[in-house]
Structure formats: structure tokens, C-alpha cells
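We number each residue from 1, following the sequence as shown.
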Amino acid sequence: MNSTLAANVAAAHLGFGIGWIAWIVIGGLAGWVASKVMGTDAQQGLLLNIVVGIVGALLGGFLLSLFDVGTYGFGWVLTFLTALVGACILLFLVRLVTSRR
């Protein structure tokens with residue numbers, strides 16, 4: 001796991017990582033698509049979609065790091081898919097915790 005972290009840090013330091021504006025754009029798109037998939041789009045606005053997408057990207061990245069998988073070198077597609085899956089998991093967990101039965 002340390003080798004993946006070191007490669008990610010080195011790639012970010014050399015400028016191969018995506019910038020913070022790209023994280024907002026990817027996060028917003030991933031959060032919006034996840035809200036459509038999970039059926040929560042009516043309750044969420046643009047800002048919440050961005051937050052869900054970014055937190056989902058962190059969650060997805062963390063889950064991938066458990067299996068020693070990094071998203072660097074695979075470009076925007078894997079980064080977006082990681083954020084999308086993480087955002088769907090996040091929305092599922094929020095629904096699980098907040099649902100009234």
C-alpha cells in the first residue's frame with residue numbers, strides 16, 4: 001500500500017495529477033450521476049452534488065487503496081468511475097441511516 005501512496009504523491013508532485021478545479025468538476029458530475037442512479041436528485045442541489053461527488057471520490061479511493069489499487073495512470077475515466085461508485089455507496093449509506101421504517 002505504501003508503494004501506491006508513494007507513486008500517487010510523486011505523480012501529484014510532478015504535475016501529473018488533476019487540479020482542484022478538475023476535482024470539483026469530476027465531483028459535481030459524479031455526484032449528479034450518482035444522485036440520478038440512487039433517486040435522490042430531487043433533494044440535492046448543485047453544491048450538495050459536488051460535495052457528494054468529492055466525498056464519494058475520497059471514499060472510493062480509500063476502498064481501492066485497501067486493495068492496493070491507485071487511479072493514477074488510468075486517467076479521467078477511472079477517476080470518474082471511482083468517484084461515481086464512491087458517491088453511490090455514500091448515498092446508499094446515508095439513505096440506510098436516515099430511512100424511517
(request) Could you grab the distance from atom CG of Leu29 to atom CG of Asn49, nearest 0.5 Å is fine? (result) 9.5 Å
(message) Can you tell me how far apart CG (Leu81) and CD1 (Ile26) are? Round to the nearest 0.5 Å.
(response) 10.5 Å
Check for me, please, whether [X] and [Y] land in the same ILVMFWY cluster - side-chain distances under 4.5 Å, paths through other members count.
| X | Y | value |
| --- | --- | --- |
| Met38 | Trp32 | yes |
| Leu91 | Phe62 | yes |
| Leu96 | Ile89 | yes |
| Leu64 | Phe67 | yes |
| Leu58 | Val25 | no |

(request) Decide yes or no for Phe80 and Val33: does some side-chain heavy atom of the first lie under 4.5 Å from some side-chain heavy atom of the second? (result) yes
(request) Check Leu90 against Gly56 and note the closest heavy-atom contact, atom names and distance. (result) CD2-N, 4.3 Å
(message) Can you give me the closest heavy-atom contact between Gly53 and Ala87, atom names plus distance?
(response) CA-CB, 4.3 Å
(request) Check Leu84, Val85, Leu78 against Thr82 for a side-chain contact (heavy atoms from CB on, under 4.5 Å) and give me the one that passes. (result)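 Option passing the side-chain contact (heavy atoms from CB on, under 4.5 Å) with Thr82: Leu78.
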